[in-house]
Number of protein chains: 2
Amino acid sequence: MLADSEIEFLENIVERKKVLKKGEFLFHAGDEFDAIHAIRSGSLKSYTISADGTEQVTGFHLPGEIVGLNAISTTAYPSFAKALETSLVCSIPFDKLESLSRDIPGLQKQLFKVMSGEIREEQELMMLLSKKNADERFAALIMNMSARFKRRGLSEKEFQLTMTRGDIGNYLGLAVETVSRLVTRLQKQQLISIQDRYIEITDMPGLSALAGTSCHV
Amino acid sequence: MLADSEIEFLENIVERKKVLKKGEFLFHAGDEFDAIHAIRSGSLKSYTISADGTEQVTGFHLPGEIVGLNAISTTAYPSFAKALETSLVCSIPFDKLESLSRDIPGLQKQLFKVMSGEIREEQELMMLLSKKNADERFAALIMNMSARFKRRGLSEKEFQLTMTRGDIGNYLGLAVETVSRLVTRLQKQQLISIQDRYIEITDMPGLSALAGTSCHV
DNA sequence: CGAATGTTTGAGGATGCTCAAGGGATGTGG
DNA sequence: CCACATCCCTTGAGCATCCTCAAACATTCG
């Protein structure tokens, strides 16, 4: 997560801006790693293909966030990144970023912070997956998305879920059918209101309580 | 994960070396973050305390690994780090490391790599937790530990599990009883042999197959 | 318009949790 | 050095959650 000012600063060293249409790839698993990518608008999902050939969703990415940080230690991207809707992405050559961050102490520090933050968020997500039941997982995902939209100055109470129920289930370790039933149930409990993929959080404290404390980022 | 040579290099800028006895803390959640920590010998576990007061194990740490990377983006450690046995730890003041890494390009790169690697490993673990059943989770943990011991030049086939069954279950999102039953079952299947906490992998290909592909780090 | 993809609902069943109990190891204080 | 408390591990029985299978409908897109 970067502030607007930081993104704008980075844009000055950006060599490539891309518009991705829904379903297009930012990169494929195995592609040579040479850049990290800042999302300006839209949304993406990351996923890998497991040994048995099934898709494994590893994350959703919103505007202001950085994609590709998990590839720095390798020479190739370990996952796919695919646009969930029309999206605008800025690619920042990593070798350039590295050398710049030597000259600009603030940049280096910021990079460390962004990466550290990602580690922490992954750990929180891990806890979510290992300790929570289906309702709590789904609630935690919604609260997490809400917090991320809020950080970008967007509405924390209503937003578009650009991924399918299948993606959500895959990500949370739940069957599609379970996700569908959750949506129905949480709506009956007046916690949320969903019309297709547009969600409104109608009881923020209630949903937060159900999610546990995953909303304190 | 750092190479021996890298650890030794870092030792030269280390200000504090600590010996922790079993049960002692390297740091508490909420302590001011000022250093990351390289483990020279022994083992630690990281955990947080959730809203309902229960312990949530977030990771196990072996020699050669770095603890505290998830705190860089904050001013305080987000988790506890507790010694599972007598352990030797080198603490590296982070501000010093930051300034040094400006002058030594290789160090900066290495830091980026270590952090990126941690992000990737967390993602793999996440997948493990969301997609695999109990047997597969346990097998994946054992294979993961095995690979980490191997990287340090230690035996990949037999080693000490220094954590309790409870810690393992907590980490993998399983009940203690389930872990206990898994140990029994995998032994009957001739995949492993456990005497108290000393484990021997008797069928590496079999265990690897059960774990899925989590052993390709 | 037809095909593919996504969503919802129902019924049955398996995996893993909870509750319960007993035995073993560890450690502390008298 | 022993007694007792605590923590750890194991095993059993019943049960809840969530998955699988199946089917129908909606939506998107070529």
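All values derive from a computational prediction rather than experimental measurement. Reminder, nothing fancy here: chain letters follow the sequence lines and each chain counts from 1.
By the 30° and 60° cut-offs, the orientation of the rings of A/Phe27 relative to A/Tyr77 is parallel.
Put simply, the side chain of A/Ser116 gets close to the backbone of B/Leu69: a donor and an acceptor are under 3.5 Å apart. Counting only distance, with no hydrogens or angles, the side chain of B/Lys17 and the backbone of B/Leu88 share no donor-acceptor pair below 3.5 Å.
When the P atom of C/dT9 is taken as reference, atom NZ of A/Lys188 falls 7 Å away, rounded to whole Å. For the pair B/Phe138 CZ and C/dT15 P, the computed distance is 18 Å after rounding to whole Å. Atom CG of A/Leu84 and atom P of C/dT5 are 16 Å apart (whole Å). In this structure, B/Gln195 places its CD atom 13 Å from C1' of C/dA25, rounding to the nearest Å. Per the geometry, NZ belonging to B/Lys22 stands 13 Å off C1' belonging to D/dT6, to the nearest Å. The interatomic distance linking B/Asp196 (CG) with D/dC8 (P) rounds to 14 Å, in whole Å. Between the CE atom of B/Met163 and the C1' atom of D/dC8 there is a distance of 15 Å, rounded to whole Å. To the nearest angstrom, C1' of D/dC9 lies 7 Å from CZ of B/Arg165.
Ion pairing between A/Glu55 and A/Lys45 holds under the 4.0 Å rule for side-chain N and carboxylate O. In summary, A/Lys18 and A/Glu24 do not engage in a salt bridge, as defined by a charged side-chain N under 4.0 Å from a carboxylate O.
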Please tabulate the protein-to-nucleotide N/O contacts below 3.5 Å involving nucleotides 11-19 of chain D, giving atom names and distances.
from: D/dT11; atom 1: OP2; to: B/Thr184; atom 2: OG1; distance (Å): 2.8
from: D/dG12; atom 1: N7; to: B/Arg181; atom 2: NH1; distance (Å): 2.8
from: D/dG12; atom 1: O6; to: B/Arg181; atom 2: NH2; distance (Å): 3.3
from: D/dC18; atom 1: OP1; to: A/Ala134; atom 2: N; distance (Å): 2.7
from: D/dC19; atom 1: OP1; to: A/Gly173; atom 2: O; distance (Å): 3.2
from: D/dC19; atom 1: OP1; to: A/Ala175; atom 2: N; distance (Å): 3.1
from: D/dC19; atom 1: OP2; to: A/Ala175; atom 2: N; distance (Å): 3.4
from: D/dC19; atom 1: OP2; to: A/Thr178; atom 2: OG1; distance (Å): 2.2

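Using a 4.0 Å cut-off, no side-chain N or O of A/Arg197 falls inside it from OP1 or OP2 of C/dG6.
Between A/Thr162 and A/Phe60, the closest side-chain pair of non-hydrogen atoms is not below 4.5 Å.
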